Amino acid sequence: MSDGLNVLALIASKNAVKAAPGVAVRRLGGAALWLVGNLPQSALEAALGGVQTLDVQAVSNLTGTFAPQSASEP
């Protein structure tokens, strides 16, 4: 999401990270969701709390980038 100046990045992963300033984390449907952005922590957590559904099968097939995994290999 973006308002043209600020960006919120929503990441779905098999693994969670620890919440930190600018990073809200929660589990949904067996996957970890991170919302990263330059907002007050309470606003990030509220926005992430609004996520209601997640395609767990799609998340389980993620390799970490939009490029093929071989693109990251030397």
Side-chain angles (χ1 to χ4, degrees):
M1 296 183 290
S2 175
D3 64 1
L5 182 60
N6 298 297
V7 175
L8 293 176
L10 178 63
I11 299 130
S13 174
K14 298 177 212 174
N15 302 312
V17 296
K18 188 174 182 179
V23 181
V25 180
R26 74 179 271 229
R27 288 215 165 262
L28 179 65
L33 295 178
W34 320 342
L35 185 62
V36 181
N38 188 19
L39 289 175
Q41 196 67 21
S42 60
L44 283 174
E45 291 169 3
L48 186 56
V51 177
Q52 299 295 314
T53 61
L54 176 69
D55 184 343
V56 177
Q57 183 61 42
V59 171
S60 68
N61 293 331
L62 294 175
T63 59
T65 66
F66 293 105
Q69 190 170 7
S70 60
S72 298
E73 297 173 2

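Everything numeric in this text was worked out from a predicted model, so none of it was measured.
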Joint cluster assignment, Val36 & Leu28, ILVMFWY side-chain distance < 4.5 Å: no

Search all heavy atoms of Leu35 against all heavy atoms of Ala47 and return the closest pair with its distance. CD2-CB, 3.6 Å

Any donor and acceptor pair, going by atom type alone, linking the side chain of Gln41 with main-chain N or O of Val23 inside 3.5 Å? yes

Of all the heavy-atom pairs spanning Lys18 and Val25, show the shortest one and how long it is. C-CG2, 4.2 Å

Between Val51 and Arg26 the two heavy atoms that sit nearest each other are O-NH1, 2.9 Å

What's the separation between atom CG in Leu10 and atom CG in Leu44, rounded to the nearest 0.5 Å? 11.0 Å

Atom of Ala31, atom of Leu54 and distance for their closest heavy-atom approach: CB-CD2, 3.4 Å

Would a hydrophobic clustering, with Ile, Leu, Val, Met, Phe, Trp and Tyr connected at side-chain separations under 4.5 Å, put Ile11 with Leu48? no

